[in-house]
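Written below as C-alpha cells is the structure these notes are about.
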Amino acid sequence: MSAMPIAEPTSSSAALDLTWVRAQFPALAQTVNQHPNQRPAVFLDGPGGTQVPQRVIDAIADYLVRTNANTGGAYQTSRNTGRMIEEARSAMADFLNCDADEIVFGPNMTTLTFAMSRALGRELGPGDEIVLTLLDHDANFSPWKALEEKGAIIRTVKFNETDCTLDMQDLAAKIGSRTRLVAVGYASNAVGTINNVAEVVRLARQAGALSYIDAVHYAPHGPIDVRALNCDFLVCSTYKFFGPHMGVLYGKRENLKKLHPYKVRPSHDEIPYCWETGTLNHECIAGIKACVDYWEDLGRRANPAVASRRAAILAAHEAIHGHERKMTGKMIAGLLAIPGSKLYGISDPRRFENRCATFVVRIAGHTPLELATKLGERGFFTWDGNYYALNLTEQLDVERLGGFLRIGLVHYNTMEEVDRLLAALREIVG
Ligand SMILES: Cc1ncc(COP(=O)(O)O)c(C=O)c1O
C-alpha cells in the first residue's frame with residue numbers, strides 16, 4: 001500500500017493579516033434577519049463557492065464599461081479584450097505553474113470535462129479502460145462513464161470507509177495495460193480528504209495512461225504545481241478560489257495538440273483557442289486576472305521578499321495554511337464533542353496534512369437539511385445533501401438519509417466564527 005505522508009502538526013503560521021483579508025471581501029459584512037434578531041452572516045459555504053474581493057467586482061464592472069467587445073476585431077476595445085484575456089491566461093498559468101498556451105478557459109469544470117471526454121472518446125476503442133474513483137465529485141465521474149457508449153470499460157476505485165481515504169491498493173490494482181485514463185480528485189468536496197495525486201499520476205503514467213485531476217476543491221486550500229505533478233490534465237473552477245463563476249483546464253501542450261476538439265470551422269485551430277468553443281465570458285476572465293492579483297497581493301504581504309508572481313502565490317498558500325489548520329483542529333474537536341455526532345473523514349490531528357478544512361457530519365435525531373436550515377436562520381451558511389459526491393453518499397448509505405451537513409472553511413473565516421458555529425450547533429441539538 002502506498003501510504004500518504006503523515007506529517008507532524010506544525011505550529012508555523014506565516015503572517016496572515018486577517019483584518020486586511022476580510023476587508024477585501026465586501027460580502028463578508030452582510031447580516032441576516034432584522035433587529036432584534038439580526039446576525040452577522042458567516043460564510044461556511046466555500047466548497048459550494050467562495051466570496052470575491054472588491055477588486056474582482058471592480059475588474060468585471062470596469063471591463064463592461066471600458067473594454068466590452070468580441071475578440072478579433074480591428075479596433076481598440078476588441079484588441080484590448082484580446083490582450084486582457086492573454087494577461088488572465090498567463091496569470092492562471094502562474095497559478096498552476098504551466099505555460100499560458102496550456103490554459104483553457106470555459107464556463108465551468110463540468111462543461112470543460114464533458115468537452116474533454118467527448119474528444120477523448122474519439123480516440124477510444126472497445127475494451128479500452130478508464131479508472132474512476134468513488135470518492136470523486138460526479139463531474140469527474142459521469143463525463144467519463146458516458147464513454148461506455150464508445151465501448152469503454154469503467155473501473156471504479158473504492159475508498160476506505162473508516163477515514164474516507166482512497167484505497168490506493170485498489171487503485172493500483174485497477175490500472176492495467178488497457179487503461180487509457182485515470183481520473184481522480186485532488187481533494188474531496190465532501191469529506192475533505194486530500195488524495196496522493198502525485199502517486200496516482202505516477203501509476204497512470206507507468207501504465208501509459210493519461211491522468212485527469214479534478215482540483216476544484218483543492219484550489220482554495222493548497223498550491224497546485226502541474227509541472228511537479230506531471231499530470232496530463234487538471235481542472236479547477238475560479239469561483240471556488242475567490243474568483244468569478246468560470247472553469248479553467250490545464251492540458252499538457254502535447255495532449256492539447258494531439259486530441260481533436262469538437263469545434264466550428266472558422267474558429268482557431270491553434271491551442272488553446274481551439275478548445276475554447278464560442279465566445280467566452282470576457283468580463284469574468286477580467287475577474288480571473290483580478291482574482292490572481294489578489295492571491296499575489298496576499299502572498300507579497302505575507303512575504304515581501306518574493307521575486308515573482310508564482311512565488312507570491314506560493315507564499316499566500318503558506319500564509320493561509322497555518323490558519324486553516326488551526327481552525328480545522330478547533331472545528332473537529334468541537335464537532336466530535338457534540339452529542340450524537342458522527343464526523344466522516346480524517347479526524348486525527350497527526351493526519352491533518354491529508355485533509356482540508358471541509359467537514360461533514362451527521363447528528364443523531366436531526367436531518368442535515370434541518371440543521372442547515374436552523375443554522376441558516378442564525379446566519380451560518382452551510383450545506384446539506386450530497387454536493388454531487390453521489391458515489392460517496394451512496395456507499396456510506398447516507399444518500400437516503402439526506403446526506404451530511406457540510407461546513408467549509410476558507411482563509412477568510414475566523415477562529416471566532418468556528419466557536420460561534422459550534423455554539424449554535426450545540427444549542428440547536430440541545
Ligand atoms: C470537487 C468538485 N469537482 C467538480 C465540481 C464541479 O465544478 P463546476 O461547478 O465548475 O462544474 C465541483 C463543484 O462543486 C467540485 O466541488
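Order of listing sets the numbers, starting from 1, for every ligand and every atom in it. Residues take their numbers from the sequence shown, with the count starting at 1. What you are looking at is a predicted structure, and each value in this text was computed from that prediction instead of being measured.
- Although no hydrogens or angles enter the test, the distance criterion places a donor-acceptor pair under 3.5 Å between the side chain of Arg355 and the main chain of Ile346.
- Between the side chain of Asn189 and the backbone N or O of Pro47, no donor-acceptor pair lies under 3.5 Å.
- Contact of the Cys236 side chain with the Met92 side chain is registered, since non-hydrogen atoms from C-beta on lie closer than 4.5 Å.
- When hydrogens are left out, the protein atom nearest atom 16 (O) of ligand 1 is Asn189 CB, 3.2 Å; that is the closest non-hydrogen contact.
- From the protein, the heavy atom lying nearest to atom 11 (O) of ligand 1 is Thr110 OG1, 2.5 Å.
- What sits closest to atom 10 (O) of ligand 1 on the protein, heavy atoms only, is Ser237 OG, 2.6 Å.
- By the criterion of a heavy-atom distance under 4.0 Å, both the backbone and the side chain of Asn108 are placed next to ligand 1.
- The shortest N or O to N or O distance between Met109 and ligand 1 is under 3.5 Å.
- Between Tyr239 and ligand 1, at least one N/O pair is under 3.5 Å apart.
- In terms of protein heavy-atom proximity, atom 1 (C) of ligand 1 is closest to Asp214 OD2, 3.5 Å.
- Protein heavy atom at the shortest distance from atom 15 (C) of ligand 1 is His137 CD2, 3.2 Å.
- In terms of heavy atoms, Leu229 sits closest to Val197 at CD2-CG2, 3.8 Å.
- Between the side chains of Tyr212 and Thr113, at least one donor N or O sits under 3.5 Å from an acceptor N or O.
- When atom types are taken as modelled, the side chain of Arg118 and the backbone of Pro261 share no donor-acceptor pair closer than 3.5 angstrom.
- Scanning the protein for heavy atoms near atom 13 (C) of ligand 1, the closest one is Lys240 NZ, 3.1 Å.
- In this structure, Ile60 and Pro244 approach most closely via the heavy-atom pair CD1-CB, 4.1 Å.
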